[in-house]
There are 2 protein chains.
Amino acid sequence: MEHLHSEDGLRLLKTRLLAMAALVEERMQLAVQSLVDRRAELADRVIVGDAEINDLQIEIDDRCLTILALQNPKATDLRTIAAVMKINADLERMGDQAVNIAEHALKLVRLPILKPLIDIPRMAEMAASMTRDSLDAFARRDAALARRVLAQDDEVDGLKDQLFRELLTYMMADPGTIERALALLLVSRCLERIADHATNIAEDTIFMVEATDVRHGRENPAAGGGVAP
Amino acid sequence: MEHLHSEDGLRLLKTRLLAMAALVEERMQLAVQSLVDRRAELADRVIVGDAEINDLQIEIDDRCLTILALQNPKATDLRTIAAVMKINADLERMGDQAVNIAEHALKLVRLPILKPLIDIPRMAEMAASMTRDSLDAFARRDAALARRVLAQDDEVDGLKDQLFRELLTYMMADPGTIERALALLLVSRCLERIADHATNIAEDTIFMVEATDVRHGRENPAAGGGVAP
């Protein structure tokens, strides 16, 4: 790997992480589109394209270790690299969830339509917006934006529960719907996991910016600015 | 945090990670037992005890950053600390899965028994054994053992698919079983995720020991020893 001045290496690292994020966001969007528009070829693209995401993950991890070994970063830079390593792992797993959604989509396009998809695209839009915001927060070192991401996670869970009850009603009323309803249920769990990963990214960003650990409700809002009401 | 000689700090870090692992393993076992034996009080213990796991995660992360900042570790030590940071995150999420299983158990104890649980405890035993082996591999720097963990992941997926088909049959035959079957289905997904985390730990261990990246099938078996047949 090329040797660079300390700041250049870190700047390049962030650029690569954001390239990874853009790729993962595109794949998540494509997976949901394949489900909603019933287009198998889009799902195939998501599945085949996962290798590219995996390669980027390995490259970014390598860059982190190189910078740690050669430049002995301190304080803010060290926290930034720790955040990049964690965010990198979250992004790779978000890519895996896009693949899972694509696989459910491939199953569903072969079956008749169960119901017009309304909640799934809404959940997907929320998960995508949390992902975008968490990465913008990372890129701009904006802890306030990261806190707004944390506040959105409950909304996603609410939609997930609502969809669960609706799908349960379908299944109870007509066993012929069970297979399709189950696939949609599992898609909603994939979207929930994507939102969870976005939450992780937001938490790592806050820690990077403020060296305050907000994970697991440990934060003292009086000291740190708090979550928007 | 206390200042220690380089080797002591690293040894203590590993000890704390293994303490975290023991706690998570105990919680996973308790969650499955609460499901199998229909004992709500065990599920409650898992849910309440999650805070302890979360605190340990934060402590271990802090130790990693302190060692990185103060001791500028190189080569093997650096890869060890990177592995600890990732394994730590995986363990915390395995603890979250134990909580999810406990929540499903609380729901199921209030409902009549659907079927004798055979596949779920088998899946749980596999996931637990993968977890134990991956952490033993980390502790003993045993890449061969870590490779055996990777080979087991397909078995867990096989059991999951088998259980899925069986539960689908129940649901189709009698809509009165749907709610319970769904809860068991979601438990099997939690166990699958635990096995996935164990796989991550095994991969991070191999990278730590050999500086070979086995993630995403990049490994060249001819060069690295390969997976046991």
Side-chain angles (χ1 to χ4, degrees), chain A residues 50-59 61-62 64-66 68-75 77-79 81-82 85-86 88-90 92-93 95-96 164 167-179 181-182 185-186 189-190 193 196-197 200 204 207 211 213-218, chain B residues 50-59 61-62 64-66 68-75 77-79 81-82 85-86 88-90 92-93 96 100 164 167-179 181-182 185-186 189-190 193 196-197 200 204 207 211 213-218:
Chain A
D50 196 43
E52 197 181 350
I53 293 177
N54 297 339
D55 287 349
L56 248 176
Q57 184 199 13
I58 291 171
E59 180 210 305
D61 258 356
D62 282 348
C64 288
L65 288 180
T66 303
L68 286 173
L70 300 182
Q71 299 174 357
N72 190 22
K74 306 278 184 198
D77 286 353
L78 180 57
R79 291 203 308 275
I81 294 165
M85 288 182 69
K86 290 177 186 185
N88 189 30
D90 277 303
E92 192 270 332
R93 291 174 198 176
D96 288 344
F164 181 83
L167 291 170
L168 193 60
T169 312
Y170 273 93
M171 289 190 261
M172 303 271 225
D174 175 7
T177 65
I178 289 177
E179 203 178 349
L182 276 183
L185 176 69
L186 293 174
R189 301 294 155 145
C190 295
R193 284 175 70 176
D196 282 346
H197 287 298
N200 293 337
D204 289 331
F207 177 73
D213 213 314
V214 292
R215 291 174 296 185
H216 318 307
R218 269 200 162 199
Chain B
D50 195 45
E52 197 181 349
I53 293 176
N54 296 339
D55 287 348
L56 249 177
Q57 184 199 13
I58 292 172
E59 181 210 304
D61 257 356
D62 282 347
C64 289
L65 288 180
T66 303
L68 286 173
L70 300 182
Q71 299 173 357
N72 190 21
K74 306 278 184 198
D77 285 354
L78 180 58
R79 291 203 308 275
I81 294 166
M85 287 182 70
K86 289 177 187 183
N88 189 30
D90 278 302
E92 191 270 331
R93 291 174 198 175
D96 288 345
N100 288 343
F164 182 84
L167 292 170
L168 193 60
T169 312
Y170 272 93
M171 289 190 263
M172 303 271 225
D174 175 7
T177 66
I178 289 177
E179 202 178 350
L182 275 182
L185 176 68
L186 293 174
R189 301 294 155 144
C190 294
R193 284 174 69 175
D196 283 346
H197 287 298
N200 294 337
D204 290 330
F207 177 73
D213 214 314
V214 293
R215 289 173 298 184
H216 317 307
R218 270 200 161 201

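Every chain is numbered from 1 and lettered A, B, ... according to where its sequence line falls, protein lines coming before strand lines. Remember, predicted model here, so these are calculated numbers, not experimental data.
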Looking at Leu168(A), Asp196(A), Asp61(A), Ile81(A), which makes the most heavy-atom pairs under 4.5 Å with chain B?
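That would be Asp61(A).
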
For residues 169-177 of chain A, dump all side-chain donor-acceptor pairs below 3.5 Å to protein atoms at least two apart in sequence or in another chain.
from, atom 1, to, atom 2, distance (Å)
Thr169(A), OG1, Arg165(A), O, 2.8
Asp174(A), OD1, Gly176(A), N, 2.8
Thr177(A), OG1, Tyr170(A), O, 3.2
Thr177(A), OG1, Asp174(A), O, 2.7

Toward chain B, the part of Ala89(A) with a non-hydrogen atom under 4.5 Å
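It is neither, since no heavy atom gets under 4.5 Å.
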
With Asp90(A), which residues qualify under side-chain contact (heavy atoms from CB on, under 4.5 Å), at least two apart?
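Scan of Asp90(A) (side-chain contact (heavy atoms from CB on, under 4.5 Å), adjacent residues dropped) gives His197(A), Asn200(A), Ile201(A), Asp204(A), Arg93(B).
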
So which part of Ala69(B) gets closer than 4.5 Å to some heavy atom of chain A, the side chain, the backbone, both or neither?
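Ala69(B) touches chain A through backbone and side-chain heavy atoms alike.
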
What's the spacing between Leu186(B) CG and Leu186(A) CG if we round to 0.5 Å?
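Rounded to the nearest 0.5 Å, the CG-CG separation comes to 7.0 Å.
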
So, for Leu65(B) and Ala82(A), which heavy atoms are closest and what is the spacing to 0.1 Å?
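Result for this residue pair: CD2-CB, 3.8 Å.
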
